[in-house]
Amino acid sequence: MNILGPDSLVFGVDDLEACSRYLTDYGLRRVGQSASGGYFEALDGTGVHLRHKSDEGLPPALGTASMLRKIIFGAADAKALAAIEKELSSDRAVKTLPDGSLETVDDAGFVIGFQLSVRRPIKLKGEAVNAPGSDSHRPVNDIGARQDAEVMPRTLSHIVLFLPDADRAERFYTERLGFRVTDRFINLGPFLRPQGSQDHHALFFIQTPPFMKGCEHFTFHVGGPTELMLAGSRFVEKGYTSFWGPGRHKLGSNWFWYFNSPLSCHVEYDADMDLHDDSWIPRAVPANADTSQLFLFVNREKWSPAGGPPPGGAAH
């Protein structure tokens with residue numbers, strides 16, 4: 001199944017105003033905002049749909065504290081969409097919505113949709129570094145640290161789900177929809193990438209009790225570690241609370257910075273994720289602090305030597 005990844009997520013929220021402000025402060029562009037909600041998109045058109053939880057047009061709630069109502073995947077073309085419909089309609093109801101997209105429920109009980117992908121081609125430079133001995137570097141006189149640099153989320157990267165049966169969910173996405181396991185945390189859950197993407201993962205499942213079922217976090221790719229650090233620092237300055245990071249994961253290698261949100265889940269900035277093809281052999285490692293991150297920082301207020309010793313100790 002030529003699925004490119006998640007195109008968008010649908011949330012039914014308590015506070016539309018707070019959630020809308022959060023997503024625009026995060027860096028997404030507001031599209032078609034109205035009293036009933038709106039769409040908040042990255043540079044390639046992927047994004048987040050917001051509606052008030054009372055909106056009758058929303059799919060049913062999960063019955064937990066989660067506000068996630070639907071995950072919409074992007075198919076590469078009409079042939080892929082038809083193949084998805086044929087496969088899933090063999091054992092469950094698959095609705096065709098007025099916009100031509102498909103809607104059904106996966107084996108974990110999440111409402112999922114499939115559409116011709118909204119992803120627009122984007123041509124932007126990634127972060128370059130000046131490393132001795134490397135043939136690739138920033139051009140001469142090109143400044144690497146710019147306080148005024150614009151940072152925009154580029155594309156919806158992945159979503160992490162709490163669910164009570166990670167094995168069953170894995171079988172559904174791998175056997176029915178062609179996802180591949182790239183890596184695995186033992187006794188916790190797998191990382192999955194769809195056929196149409198080489199990103200290390202578009203989905204990650206975490207085995208939890210049923211009352212926790214829902215979205216743990218979602219994230220958008222930015223252009224590199226510097227963009228991630230700059231975006232996260234600006235987010236902190238706007239009053240949002242850091243949950244985890246900044247740091248760099250081991251599985252996937254992606255830089256990360258997670259924040260609390262009013263959407264009942266965490267929201268992450270993500271950069272520089274590993275790419276894999278079908279020759280990759282998945283790793284399986286215990287889930288612990290050593291395997292979940294290569295290194296981890298704690299955000300602090302800016303400091304200058306002109307201001308005396310740094311907080312927490314003397315300068316050397």
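Computed over heavy atoms, backbone and side chain alike; hydrogens, waters and symmetry mates excluded. Positions are given from 1 along the sequence.
- The number of heavy-atom neighbours closer than 6.0 Å to CZ of Arg283, taken from other residues, nucleotides and ligands shown, is above 12.
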Starting from the C-alpha separation in whole Å, work towards a yes-or-no answer on salt bridge (Lys or Arg N to Asp or Glu O under 4.0 Å) for Arg92 and Asp107. CA-CA 10 Å; Arg92 70 198 65 217; Asp107 280 0; 2.9 Å; yes
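- Note: Lys53 NZ to Ser264 OG = 10.5 Å, rounded to the nearest 0.5 Å.
- In this structure, Phe114 and Phe73 have parallel ring planes: the angle between them is below the 30° cut-off, well short of the 60° mark.
- Ring geometry for Phe243 against His266 counts as parallel: the plane angle stays under 30°, on a 0 to 90° scale with 60° as the upper cut.
- Both tests hold for Lys213 against Phe110: distance to the six-membered ring centre under 6.0 Å, angle to the ring axis within 45°.
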Stepwise salt bridge (Lys or Arg N to Asp or Glu O under 4.0 Å) test for Glu41 and Arg120: CA-CA 11 Å; Glu41 69 172 15; Arg120 301 185 293 260; 3.2 Å; yes
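- Looking at Lys250 and Asp290, no side-chain N of the basic residue comes within less than 4.0 Å of a carboxylate O on the acidic one, giving no salt bridge.
- Two rings, from Phe204 and His158, have their centers 6.0 Å or more apart.
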Could you please spell out the steps behind the salt bridge (Lys or Arg N to Asp or Glu O under 4.0 Å) verdict for Asp25 and Arg234? CA-CA 9 Å; Asp25 285 346; Arg234 290 171 175 173; over 6 Å; no
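- Within a 6.0 Å sphere centred on CD1 of Ile143, heavy atoms belonging to other residues, nucleotides or ligands number 12 at most.
- In this pair, Phe218 and Phe11 present their aromatic rings tilted. The plane angle is within the 30 to 60° band.
- Relative orientation of the Tyr258 and His217 rings is perpendicular, given thresholds of 30° and 60° on the angle between their planes.
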List the steps and the verdict of salt bridge (Lys or Arg N to Asp or Glu O under 4.0 Å) for Asp148 and Arg146. CA-CA 5 Å; Asp148 62 347; Arg146 291 178 42 234; 3.4 Å; yes
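- Aromatic ring orientation, Tyr26 versus Tyr269: parallel (interplanar angle below 30°, classes split at 30° and 60°).
- Heavy-atom contacts from other residues, nucleotides or ligands closer than 6.0 Å to CG of Leu124 number more than 12.
- Counting non-hydrogen atoms of neighbouring residues, nucleotides and ligands closer than 6.0 angstrom, the CG atom of Asp142 exceeds 12 such neighbours.
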